[in-house]
Amino acid sequence: MMNETKRNGRDIVAVSRLKKIYRMGPEDVVVLENVNLRVAEGTTVLVLGESGSGKSTLLNLIGGLDSPTDGVIEVSGNRISTVAERHLSGYRNAIIGFIFQFHYLLKDFTALENVMIPALIAGRAAAVARREAAALIAEVGLAHRSDHSPAELSGGERQRAAVARALINSPELILADEPTGNLDERNASVVLALLFDLVRKMKKTMIMVTHDRSVSRKADRSYVLEHGALRDL
Ligand SMILES: Nc1ncnc2c1ncn2[C@@H]1O[C@H](COP(=O)(O)OP(=O)(O)O)[C@@H](O)[C@H]1O
Ligand SMILES: [Mg+2]
């Protein structure tokens, strides 16, 4: 029993009876009906689903970007279901790294500076932030592009910079929403391999949502989001 517990580690994410309804005039749109999910520390979880199945909604709720209609979300032992709870835990910056389909790099800054920014916001000294950003930029294979602006980077390179930026504050949990959705197949597979390798090397936990079933080969656990609930793939 002890060994089992140790091997499985603690749960970084615990979602129970999660419900999300968008009230649209007279029509209620039930996006998440009853989602239950536990993600053990150091594991990678994939959530597959058709477009419109609620993948982004689920990830945004876990990331504290939105509030559930009902149910409980705990991340790293903090309840974050309400705005007040999220404030209390000083939650998002410290614990979570987001990667979206669109890179959201700031166009007036270089790749290196974009990676540095979350570290500066977190209060790290500029020299330290620069050193750590440079190391991550090298990890994602962008050392030769670190002084380029986003406009001078290819789509794949921009997503690699976004990966580095998501990891700079060493967040416990990486949330990735269709991170390769804008890339061609070859670049998508490069970015995916890099992201999964880096997450494992840094012993982080990741939830990725995508409609691309082939990604399930890379993840420790895969689920399908359908009719507002998760089932095993
Ligand atoms: N802010 C919102 N208001 C109303 N409906 C929304 C809102 N956000 C998403 N939806 C609806 O919720 C459903 C799920 O959306 P989403 O989570 O973006 O799905 P996915 O990421 O799987 O494509 C869709 O039907 C979408 O139209
Ligand atoms: Mg989506």
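Numbers for residues simply follow the sequence, beginning at 1. Order of appearance sets the numbers: ligands from 1, and atoms from 1 within every ligand. What you see below is based on every heavy atom in this structure, not just the backbone, and it leaves out hydrogens, waters and symmetry mates.
Under 4.0 Å from ligand 1, the heavy atoms of Glu50 that appear belong solely to its backbone. Here Thr57 has heavy atoms under 4.0 Å from ligand 1 in both its backbone and its side chain.
Between Lys19 and Glu33 a salt bridge is recorded (basic side-chain N to carboxylate O distance below 4.0 Å). With salt bridges taken as basic N to acidic carboxylate O contacts below 4.0 Å, one links Arg200 and Asp220.
Within a 4.0 Å radius of atom 14 (C) of ligand 1, the protein contributes one or more non-hydrogen atoms.
No donor-acceptor pair under 3.5 Å is formed between the side chain of Glu27 and the backbone N or O of Met24. With hydrogens and angles disregarded, a donor-acceptor distance shorter than 3.5 Å links the side chain of Glu113 to the backbone of Thr110.
Between Phe100 and Phe98, the angle of the ring planes stays under 30°, which puts this pair in the parallel group of the 30/60° scheme.
Counting only N and O atoms by type, the side chains of Ser16 and Asn36 include no donor and acceptor under 3.5 Å apart.
Close N/O approach between Val31 and ligand 1 is not found [any backbone or side-chain N/O within under 3.5 Å].
No heavy atom of Val29 sits closer than 4.0 Å to any atom of ligand 1. Taking a 4.0 Å cut-off on heavy atoms, Gly49 fails to register as neighbouring ligand 1.
Within the set Lys55, Met24, Gln101, the minimum heavy-atom distance to atom 22 (O) of ligand 1 is found for Lys55.
Not a single N/O/S atom of Ser51, whether from backbone or side chain, sits less than 2.8 Å from the Mg ion (ligand 2).
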